[in-house]
Structures are given as structure tokens and as C-alpha cells.
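Data block below; observations after.
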Amino acid sequence: MSATSAIALPTRSRSRAWKKLRANRAALVGAVVVITFVLLAVLAPILPIADPATTDWGKIRLAPSAEHWLGTDEIGRDLFSRMVWGARASLLAGVVSVLIAVVIGVPFGLVAGYFGGWTDSIIARATDALLAMPFLILAIALAAFLGPSLTNAMIAIGLSAVPIFIRLTRGQVLSVKTEDYVEGARAIGLGNLAIMAVYILPNVIPPILVQATLTVATAIIAEASLSFLGLGQQPPSPSWGSMLNTAKNFLSQAPWMAIWPGAAIFLVVMGFNLMGDGLRDALDPREH
Amino acid sequence: MLSYILRRILIAIPTLLLVSVFVFMLQKLLPGDPALVMAGEERDPEVLAYLREQYRLNDPLIVQYFHWLWNVLQGDLGMSLRTQHPVTKLIADKLPVTIQLAVMAMFFAFLVGIPAGIISAVRKGTLIDYIANFIALSGLSIPNFWLGILLILLVSVNLGWLPASGYEPFWRDPVRSLETMIMPAFVLGTALAATLMRHTRSAMLGVLQSDYVRTARAKGLREKVVILKHSFRNAVLPIVTLSALLFGELLAGAVLTEQIFTIPGFGKLIVDAVFNRDYAVVQGVVLCVAVGFILMNLIADVLYVLLNPRMRQTL
């Protein structure tokens, strides 16, 4: 996850960015993929599909068929239904953990960049220290100490992603705070909080939006990884990561068990990455 | 130059101290009495007494931290509750395995990522560029544990070409060692290759539009010389820094790769420790990874200056 480059958007270029985004076919494909998965996840309770937890010992490890589109698992549960319900866990984890990271990271980044000096030094060193611990390793350690559950996995992933948003926001604030309109706001006596909220934050939002989209992709892989290791969603609740964990024990007998959950993670992550890349290209004034 | 290196080391010290604070505070996340949680099923009073003594749990937090830090500075990361071995020894035993995996993965990533990035930049806007970009984005989007499972299914289960799991030290049987490591290194290196490709492409595009490349072309130099000598040599600098940053991702990726291919390395150590509630091992691994990452950053910064004559002159 690389920090996004400096982008400050006046209102006029916002509509240009929107036009550029709509013209980007790859980003549109990404958006369609993501929206499809979101719809499946949201509509899961009302879709006419089998119960994802109902076992059937007479239908163990059945290959895909008209009755079970994606086959069944090692205890006879319908894989299509588990895939649809698994989308809820993955998307929820992706979005919630990024929200946690944004809600904590952006204010710290704003304060560090705006005030500078000692405040900045302390926050910058803490960010460096957090960045020194790789995303997944920190998430594994936090999930280990907090206990295995989807909620704790989301907290762990969110906390691990905080430094990315602190650093990004800080960088943006540094480039915006010397602009004439910020100096002007200060000259007419506006308080620091008002300047940060009204004049700085809106200019910092576009790159944060790009980074958030790309981080959702990383967070979805992180949740799947934690669930694959047994530190995320707990059985019998479905999750793509834990489905893959079970599937690896039945590779020769039921390979389809391993194919669908991985393909779903790949597609949805690809969707978010395409959207993120498209947003970045649309918002970045540079050519590449 | 020496003063620059010293300055960089001085900057790294507070970061290292903060890392130690974070790693120490991990155990404070444990709910309830840490000694009881850490001991797990083992409620032997002797074990509980050992844990309280080891972590100074009856002392104030600040005393506990400095006691722990003092031990860490002397190379004592505590004892593994499960194996009763010092954590330092466990890590030292597993580290060579992960380093072999990481080096092979990095080799693959460089071999594929950098040439692909150069070709993609030179052929910008062509079909080759689009295909290379699509493959790179797929490499970033594919969960490496799924890629590992697919490879096992295809190469080991269906074709029977390579073993699905196991590990052989290189010095004992090089051929067998490479056989067991090729698939894991490929799996681990895929995302890195994709990242390297995208950064190389971006850096090359920047350089290819510069005046000195235009001048080199105007002088009638051969395209190969323009690309490799004039362009790539200047584009390689940010890639050096990036490689150090990728080290962290490599270790994180190794956790899953080692789990899938049952490789007894660093990653498997932390996962096994998590399930055995061997918290000293978890802390030890996180601390070592973070220190390694900071050191790699330091090396990258120094290399950056060494490789860049303009930066050398400003020191």
C-alpha cells in the first residue's frame, strides 16, 4: 500500500476528474464487480438460497450441479450459499477496518501536519514505529492477544492500517497549509480547529478516498488471511478465508471447495484495486 | 558520509524504542490476569509464579517495561512456554529457513518485475503494456494462500512434479531444497514482482520523458543504450528504497506461505505460537521483524545516497 501522491482539488477540476473516471473502462469494470458483491452481501438474507449452516450428511463433497451450483463442502453445506454469506464478512471487514483506520489516522495526521514541531515529531516517530511492524504480522499479533473473532480481526486490521492514513494526511496538510487561502483564514482570526475543518480537511479528502479504496482491497485480503489462519471469522459462520482453510484438506477429493472462495477474494480485491487505480488517475494531475 | 550514517542511526533509536513500547504493550491487551491467560490450561502454581517473575507482573507498568527492555537488550526475549526453549534460540533456528525463502522470492521478483516494468514503460500504450499491467494488478489482487493452494492442486496433486510440502536445508541437499522451495518462492514473490513492475514502469516513464534522454536519442545513441544506460540507471534509485520496504511485506507474506507449504520458518513459528498462546514467542517475532525492517530502511537510505552522486555531494 503506497501512499498516494499530492492532490489538491479545486471545484472546477472535480468535474474534470469525474469525467475522467467515467471514461476509465477498467475502473467501471471494477465498480461493477464491487457493486455486484455488495448487492449479494446485502441481499443474502432475502435471496432464495439454502441456509449456509445447514449440514446434510447425504450430500458430502458433491461436485457442482444444477442443484448445488458450486457444489457442497465436507459436511454437505451448499457452497453457493456460503459464498454469498461469506461476502458479508469480507466486505464488512474491509469497510469497517478502513473506517477505523481513517477515523483514527486522519485526525492524527491533521494535527501532526498542522501544528508541526514536537507534536509532529512524536506522531511521526510513533507512525514510523507502527509502520515498521508489517501490516499482517501486526494484525496477527493483535488478533492473538485480543482473541480470535471477526470483530477483533477488524480492529486489528484497522489499527494496523492507521499509520498509512496518518502519514498520507500529514503529507497533504503540509502542502496545503501554506496556501494563500489558509494564510488568509488565519489572518481574519479563525481558530485552528475551524481552519483545519473548513479549509484543510476538504483538500485532503481526495487522496484519502483513493487510499481508502485501495486499503479496502488490502483489508479484505488481510481478513481472509486471518480467517484462513483461524484468527478471524469463527465456524460455523461462513467466511472466504476459513472456507479455504478447510478446503486445503480436501484438495484431491473436492478441488472446487478451494476454487470458489479464492476466486471471490481475487475478484472483489481486483475490483477495489481497479476502482482505486481509476480514482487515482482521475484525481492525479500528473500523467502517470 | 559517516556523519550521515550516524545521523540516520540516531533517528532510528527513538523509533526502535517506540517499537519496543508497542510490542511490550501487546501483552497488556490480554483480558484479565495476564499470568492466568498466558498459562492457559497449565494452572500449575509454579508456572504462574514463573510468569509473574518473568514479566514482573506485580510491579508498576513502567518497571515491568524497563525490566523487559533490559532483558531484550541482553538478547533475552523470554522462554517459550510450550517448548521451554529461549525465544531467541527458537527465532535463530527458524530465521535461516525464512531467509532462504525470502531471498528466492526476491530473486524471482527482481527477475520478472524489473524487466516487465522496463518493457511496459518503453512500450507504453501498446498491447504488451496493457497485458503487463493486467498481470501485475492480478498479482497484487490474488491472495497468496489461494495461489499456493492452486499450485499444489495443479503441480503436486495433478502433475506430481514437485512436493506439496516439506523443507530440506540447502547445505544438506541443494536439489531437494530447491525442489521444496520453488513453489513457495514463486507464491511469495508474485505480489512483490507485481509491485516492482508497477514502480519500475512509473519510474521509467518519468525518466524517459526527461531532457537528457531526449538528448541521448538526438545524439543518435542506440535505443538499448538509451534505455539501459541512460534511463534505467536513473530510474533504479527509487526501486532500491522500495526493495527495503518490500522486506516487511515479504515477511508478512511468508507467514501464510509457510503455513500452506508446511515450511518450518519464522512465519510458522508465529502462527503456532498464537495457537499455543505462547505470547513471548509472538512478541519476540514481532520485535525481530520490526527491528529487521528498521535496519533494512537504514541500509536503503545509505545505499540511496551511495548510489546517487548528487546526494553524495550535498553531504
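The sequence lines fix the lettering, A, B, ..., with proteins before strands; numbering per chain opens at 1.
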Evaluation steps, side chain to side chain contact (heavy atoms under 4.5 Å, CB included), between Ile11(B) and Arg125(A): CA-CA 9 Å; Ile11(B) 293 173; Arg125(A) 289 290 86 76; 4.2 Å; yes

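- The aromatic rings of Tyr279(B) and Phe145(A) sit tilted relative to each other, their planes meeting at an angle between 30° and 60°.
- Heavy atoms from other residues, nucleotides or ligands lying under 6.0 Å from CZ of Phe22(B) number more than 12.
- Ranked by heavy-atom pairs under 4.5 Å with chain A, the list Val285(B), Leu153(B), Val271(B) is led by Leu153(B).
- Of all the heavy atoms in Val157(B) and Ser252(A), the pair that sits closest is CG1-CB, 3.8 Å.
- Trp146(B) places no side-chain N or O within 3.5 Å of a backbone atom of Pro261(A) that could act as its donor or acceptor partner.
- Between chain B and the options Ala217(A), Gly241(A), Ala247(A), Ala224(A), the largest number of non-hydrogen pairs under 4.5 Å is found for Ala224(A).
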From CA spacing to verdict: side chain to side chain contact (heavy atoms under 4.5 Å, CB included), Phe266(A), Ser138(B): CA-CA 8 Å; Phe266(A) 173 63; Ser138(B) 304; 3.9 Å; yes

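- Heavy atoms closer than 4.5 Å to chain A are found in the side chain of Phe275(B), but not in its backbone.
- Annotation: maximal heavy-atom pairing with chain B below 4.5 Å, among Leu142(A), Ile259(A), Leu146(A), occurs at Ile259(A).
- Going from atom CD1 of Ile260(B) over to atom CG of Asn245(A) covers 9.5 Å, rounded to the nearest 0.5 Å.
- Heavy-atom minimum distance, Ile137(A) versus Ile270(B): CG2-CD1, 4.2 Å.
- When heavy atoms are compared at a cutoff of 4.5 Å, Ser20(B) does not approach chain A at all.
- Residues Ile140(A) and Val286(B) are not in side-chain contact: their nearest non-hydrogen atoms beyond the backbone lie 4.5 Å or more apart.
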Step-by-step side chain to side chain contact (heavy atoms under 4.5 Å, CB included) determination, Ile149(B) to Phe228(A): CA-CA 12 Å; Ile149(B) 288 174; Phe228(A) 178 77; 4.1 Å; yes

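- Only the side chain of Val23(B) comes within contact range of chain A, with heavy atoms under 4.5 Å apart.
- Taking CG of Asn144(B) as the start and OG of Ser225(A) as the end, the distance is 7.0 Å to the nearest 0.5 Å.
- Note: Pro134(A) leads Gly147(A), Ala143(A), Pro134(A), Pro148(A) in heavy-atom pairs under 4.5 Å with chain B.
- Summarising the geometry of Ile265(A) relative to Pro143(B), their closest heavy-atom pair is CG2-CG, 3.5 Å, with the distance given to 0.1 Å.
- Within the 4.5 angstrom heavy-atom criterion, atoms from both the backbone and the side chain of Ala263(A) approach chain B.
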Audit row: Asp128(A), Leu18(B), side chain to side chain contact (heavy atoms under 4.5 Å, CB included) steps and yes/no: CA-CA 9 Å; Asp128(A) 284 348; Leu18(B) 275 169; over 6 Å; no

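- Looking at Val289(B), the atoms closer than 4.5 Å to chain A (heavy atoms on both sides) sit in the backbone and in the side chain alike.
- Interface remark: Leu287(B) contributes no atoms to any contact with chain A (heavy atom separation under 4.5 Å).
- The shortest non-hydrogen separation linking Ala132(A) to Phe293(B) is CA-CD2, 3.2 Å.
- To the nearest 0.5 Å, the span separating CD1 on Ile221(A) from OG on Ser141(B) amounts to 6.5 Å.
- For Leu137(B), the parts lying near chain A are the backbone and the side chain together; criterion is any non-hydrogen pair under 4.5 Å.
- With a threshold of 4.5 angstrom between heavy atoms, Leu130(A) approaches chain B through its backbone and through its side chain.
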